[in-house]
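Proteins get letters first, then strands, A, B, ... in listed order; numbering begins at 1 in each.
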Amino acid sequence: MNFVDRYNFKVVEEKWQKFWNQNKTFSTKVDKNKKKFYCLEMFPYPSGKIHMGHVRNYTIGDVLARYKTLQGYNVLHPMGWDSFGMPAENAARQNNLDPKTWTESNIKTMRSQLKKLGLSIDWDKEISTCSEDYYKHQQEFFLDLYDKGLVYRKENYVNWDPVDKTVLANEQVVDGKGWRSGATVERKKLNQWFFNISKFSEDLLQGLDSLENWPNKVKVMQKNWIGKSFGCEVEFKIESEKPIESIKCYTTRPDTLFGFSFLALSVDHPLAKYYEEDKEFQKFKEECSKTGTTEESIASAEKLGFKTDMIAVNPLDKNMKVPVYFANFVLMDYGLGAVFGCPAHDQRDLDFAKKYNLKITPVVKPEKDKDFEINNEAYTGEGYLYNSDFLDGLKVPSESIIKTIEFLEKSNLGTRKTNYRLKDWGISRQRYWGCPIPMAYDENDQPIKIPRDMLPVKLPEIEKLSNTGNPLDSEDNWKFFILDGKKYRRETDTLDTFVDSSWYFLRFCSPHNLDRGFTQEEANYWMPVDQYIGGVEHAILHLLYSRFFMQALSYKNDDFKLKEPFDGLFTQGMVCHETYKDQKNAWLSPDEVTSEDGKEFYKKDNPSEKIIVGPTESMSKSKKNTIDPENIIKSYGADSVRLFILSDSPPEKDVQWSDQGMMASFKFVQKLWTLNSKILDKIKNTDEKNTGENLIKFTNHLIYKVTYNLEKFNYNVIVANLYEMYNFLVKEIDKPIKKEVLIENYKKILVLMNPFIPHFSNECLSSINEDQINWPKVSKEDLVEEEINFVVQVNGKKRSVIKVKRDIIEKDVLEKIKLNQEIKNFIKNQEIKKTIFVPNRLVNIII
RNA sequence: GGGCGAAUGGCGGAAUUGGUAGACGCGCUGGUCUUAGGAACCAGUAUUGAAAGAUGUGAAGGUUCGAGUCCUUUUUCGCCUACCA
């Protein structure tokens, strides 16, 4: 290979990026004559530099955006920054600077890194959630929601993260720990603002059914999170010396009421107030709070109870009286914080009953006429009621539950109830670097809205962030203000940053609009997002909040009726790498290790020290198994990186970073360039006539395959298709081909490559003077091969492949086979019992 | 405990949706060449067998002319979720 022939990706990629930038190639606006396509990847948090996860996410999205553009769609493909949040605040404290400065500098770095990837982004639409132009509108939406009664304030127990010193929503507590800090979450009573997301529980659940282009996995996760159940609230009369008349329980199994053997309350139940003086109860309550939150401790936690003086009466049988306990397994968060215990048909109740020697009465048996008893396992299956007085014989669960509820309702002993696990969304955060909540309090501590003409409520500039508590709380100049002669105190909490990301996709429709967050015209044109692409880690949090936000904006609003923000969702896998540790058990980055054979690894700066190679895990700073995209792009070029990140695994699965794989993609682009030179030579020098059938057929088939695989997100298969294309073309180019045929088909092939390696493709296209490019169409006629490979099976096993004319009929195939020695050997002289003929595919001969 | 998904060569993974299993890439083996490079090119590479052939998609059954693909049972792994009444 001649040195001059080498593909200089650096020059070419810079050239095209400059071209796209100067020509605003990817800038879009509403055009009602064109079909729109809104392609959106989850916008990044500006943490410092981009990582391989970003490269994968944005490459997947970019391939789609470029493909849709080539198909003639009006494509909206924007980028922005989820730029409020804790890390900025922490970094600011550490380095003694302003969160804004830190954030903006990160954005600058990451923007330039993303641009080097050659993404087809309309950079004129760039937004940043920490800018006043953005959060002004957010404050307005907050007031809109407040006016619709979807925002309220209440004091209750909250999940308190002692490290981040802030409140967390239920969804943000993972295994009892803060989702970001990892600190064990404490319980604390605080006054908080809430979005009434639970009002939309049913709509959010129902809406899932309409999302056909979402992964089922994500829909199931949201469904479980919303946690709908159908049951009954039952009222139990209480006999006690205390002034307690009755206790209500929520149950999904009222049909097992005759198996009632105790009633259990959460230690946080309102009635606990009557026992708070009791030393024994205090001890018990403390014991409960000690129960760990790890998987094992929950699974193995012993059922504990505190027996009260209360006696509960079974509403179905006044003579059935059972003790009332406080129990450690009853949660105040779910239902009514009280459960009726039926040990025979609930494992927890059985464990509890055994421990405290309570009565165990089975009321469901699997078979009507057989005896049944309960030992160590509760029976939760289907069957028939017995030991249940007038309910005996009812089929469980189909008719037993509804019949029991009907009876309870008729007798005023209970009411049917649909229950949801989804709780309202607590949105107050005791942080500085977030969107100020546009509320204030008067001298009587009554909340008032900040008048809309005073928006945005801007964050004050703070020279030095305090180390404890909420920084805004100590900013007296900002905190207090006078309005109409009255003194007010501002709300000093800021909004959960998940609010910022709950409507940014709407802002992209009208990024520069001043008076509202978006215009009806633009939102109605662009929304919903046709394809949303991001990590599955947002399956519940971000995606549920965004769906809620759309519901909330549509609620009591005649102008805006969109309910689902994301029509299609694609969740991509993570980028993984081997992990390395030295002899002292310290993590090492891939840069710090070296290997001759790929099996034994040694430390670079100490070649005698052997490295322990650990399992392949998703890239993370803490394990040091990261690869810096910037270095990789510098060494190999954006096209090669894009190609590699798509090549080794299906996009929805994890992909393993491999240096050899990266190298292979790099070499492939180089080889394509060499091929390109050959083709250009051929175009100049060829004068063959009427040849090129092979190329036409091949290209046509390639268009079919690449298009099909693009629609199905099989990007890794397309990379393989492109390798096949190279292997074919590199041989074919030595044969005679008519000039026009070569140009026309090569052009189509270059367009097929365009979404994947756009710089290379554009460079080659311009060298054959093509700048107006469209996605090529498949010619259905040419897909049909005249001569096909036809499989001959004997007793279902492939024995031979013969070449036949297309649409050959069975009789002719059988004629041919008679002459085929291979097949004759298998059939010998045996009688053919039957033949199965699949047109244009195979024949199966049964002997 | 509950839910979802996966299992195919040494590795990552294909398979027109019930019809030629292993495309394509990595790795490996042999060879060619020389401007010794991050080379390039050619041939080979599921197992077994000298060959014909036989076997082969986690395991065991089943449906079918035909199963990686559908059904039943089972094992292992991954992810999510959890005292949810």
Side-chain angles (χ1 to χ4, degrees), chain A residues 1-3 174-175 215-221 223-225 227 229 231 249-253 256 264 266 291 293 295 297-301 303 327-331 333-342 346-349 351-352 380 419-421 536-537 539-540 573 597-598 635-636 644 647-650 652-656 658-668 670-671 674 701 704-705 708-709 714 716-727 730 783 789-801 825 833-838 840-846:
Chain A
M1 190 201 277
N2 194 316
F3 176 78
V174 181
D175 272 346
N216 199 42
K217 180 173 59 167
V218 175
K219 287 196 275 189
V220 169
M221 281 164 76
K223 193 178 163 201
N224 291 340
W225 189 261
S229 68
C249 292
Y250 173 74
T251 176
T252 54
R253 293 301 303 275
T256 61
S266 160
T291 313
T293 48
E295 208 173 309
S297 63
I298 288 173
S300 61
K303 306 284 175 277
N328 64 344
F329 63 91
V330 184
L331 307 171
D333 280 352
Y334 188 79
L336 298 165
V339 298
F340 93 80
C342 176
D346 182 292
Q347 193 59 45
R348 286 160 312 172
D349 295 352
D351 295 345
F352 190 83
T380 53
N419 198 44
Y420 299 90
R421 203 185 76 125
V536 73
E537 65 273 18
I540 295 170
D597 57 1
S635 324
Y636 300 102
F644 171 66
S647 68
D648 268 10
S649 293
E652 71 274 14
K653 283 178 63 178
D654 288 353
V655 64
Q656 191 177 352
S658 113
D659 292 334
Q660 283 106 332
M662 182 59 247
M663 198 60 210
S665 295
F666 174 76
K667 286 180 189 170
F668 181 57
Q670 293 291 338
K671 290 202 272 186
T674 313
H701 214 77
Y704 173 80
K705 285 198 275 193
Y708 175 87
N709 287 320
N714 297 334
N716 57 322
V717 184
I718 300 180
V719 176
N721 295 150
L722 294 181
Y723 274 102
E724 282 173 324
M725 175 275 295
Y726 172 84
N727 293 340
V730 81
L783 270 186
N789 291 329
F790 199 89
V791 172
V792 184
Q793 298 181 336
V794 178
N795 284 346
K797 285 192 179 177
K798 184 186 88 171
R799 291 306 180 190
S800 181
V801 181
N825 288 343
K833 289 180 185 151
K834 185 174 164 189
T835 55
I836 286 108
F837 181 78
V838 183
N840 292 325
R841 205 155 258 163
L842 58 79
V843 65
N844 189 5
I845 296 163
I846 313 300

Nearest-Å distance, NZ (Lys797(A)) to P (A67(B))?
10 Å

Just checking Glu724(A): base, sugar-phosphate only, or nothing, at a heavy-atom cut-off of under 4.0 Å?
sugar-phosphate

Taking atom C1' in both G3(B) and G27(B), what distance in whole Å separates the two?
39 Å

Please convert RNA chain B into dot-bracket. A pair counts if it is Watson-Crick or G-U wobble with both distances under 3.5 Å; crossing pairs go in [ ] and bases paired with another strand get |.
(((((((..(((......[....)))((((((.......))))))(((....)))..(((((..]....))))))))))))....

Just to confirm, is there a sub-4.0 Å distance from OP1 or OP2 of C4(B) to any side-chain nitrogen or oxygen of Asn224(A)?
no

Nearest-angstrom distance from the residue atom CZ of Phe644(A) to P of G13(B)
11 Å

Taking the six-membered ring for Trp, are Tyr708(A) and Tyr704(A) parallel (under 30°), tilted (30 to 60°) or perpendicular (over 60°)?
parallel

Using a heavy-atom cut-off of 4.0 Å across all strands, would you classify Asn789(A) as base, sugar-phosphate, or nothing?
base

Hey, is U17(B) sitting syn or anti, using the within-90° cutoff around 0?
syn

Determine the contact category for Met663(A): base if any of its heavy atoms lies under 4.0 Å from a base atom, sugar-phosphate if only primed atoms, P, OP1 or OP2 are that close, otherwise nothing.
base

On a heavy-atom basis, the closest approach of Ser649(A) and Asp654(A) is OG-O, 3.3 Å

Categorize Val838(A) for me: base, sugar-phosphate, or nothing, with a 4.0 angstrom heavy-atom threshold over every strand shown.
base

For Ile846(A), which contact category applies under a 4.0 Å heavy-atom criterion: base, sugar-phosphate, or nothing?
sugar-phosphate

Phosphate OP1/OP2 of C84(B) contacted by Arg348(A) side-chain N/O (<4.0 Å)
yes

Kindly give the heavy-atom pair with the smallest separation between Phe340(A) and Cys249(A), and that separation in Å.
N-SG, 3.8 Å

For U64(B) versus A54(B), give the span between their P atoms, rounded off to a whole number of Å.
24 Å

Just checking Thr835(A): base, sugar-phosphate only, or nothing, at a heavy-atom cut-off of under 4.0 Å?
nothing

Go through it in stages, so that I can follow the logic: the residues are Asp349(A) and Phe329(A), the test is side chain to side chain contact (heavy atoms under 4.5 Å, CB included), and I'd like the CA-CA distance, side-chain angles, deciding distance and then a yes or no.
CA-CA 10 Å; Asp349(A) 295 352; Phe329(A) 63 91; 3.9 Å; yes

So, OP1 or OP2 of G66(B): does either fall under 4.0 Å of a side-chain N or O from Asn795(A)?
no

Scan Asp346(A) against the nucleic acid and name what it touches under 4.0 Å (heavy atoms): base, sugar-phosphate only, or nothing.
nothing

With sugar-phosphate meaning primed atoms plus P, OP1 and OP2, does Lys705(A) contact a base, only sugar-phosphate, or nothing at under 4.0 Å between heavy atoms?
nothing

Which atom names give the shortest non-hydrogen contact between Asn716(A) and Ser647(A), and what distance separates them?
CB-O, 3.4 Å

Which whole-number value in Å describes the distance from Asn844(A) CG to G18(B) P?
18 Å

Syn or anti for G9(B)? Use the chi torsion, O4'-C1'-N9-C4 for purines and O4'-C1'-N1-C2 for pyrimidines, with syn inside 90° of 0.
syn

What is the separation between atom CG on Leu842(A) and atom C1' on G18(B), rounded to the nearest whole Å?
11 Å

Contact class for Tyr636(A) vs. all strands (heavy atom < 4.0 Å): base, sugar-phosphate, or nothing?
base

Touch class at under 4.0 angstrom, heavy-atom based, for Gln347(A) against every strand present
nothing

Counting distance only, does the side-chain N/O of Asn419(A) pair as donor-acceptor with the main-chain N or O of Ser229(A) below 3.5 Å?
no

What does Val330(A) touch in the nucleic acid at a heavy-atom separation under 4.0 angstrom: a base, only the sugar-phosphate, or nothing?
base

So what does Thr252(A) touch, heavy atoms closer than 4.0 Å: a base, only the sugar-phosphate, or nothing?
sugar-phosphate

Give me the distance, rounded to whole Å, that separates G9(B) from A59(B) when you measure between the P atoms they each carry.
10 Å

Taking only side-chain nitrogens and oxygens of Ser649(A), does any of them come within less than 4.0 Å of OP1 or OP2 of G13(B)?
yes

Is the distance from OP1 or OP2 of A85(B) to the nearest side-chain N or O of Tyr334(A) less than 4.0 Å?
yes

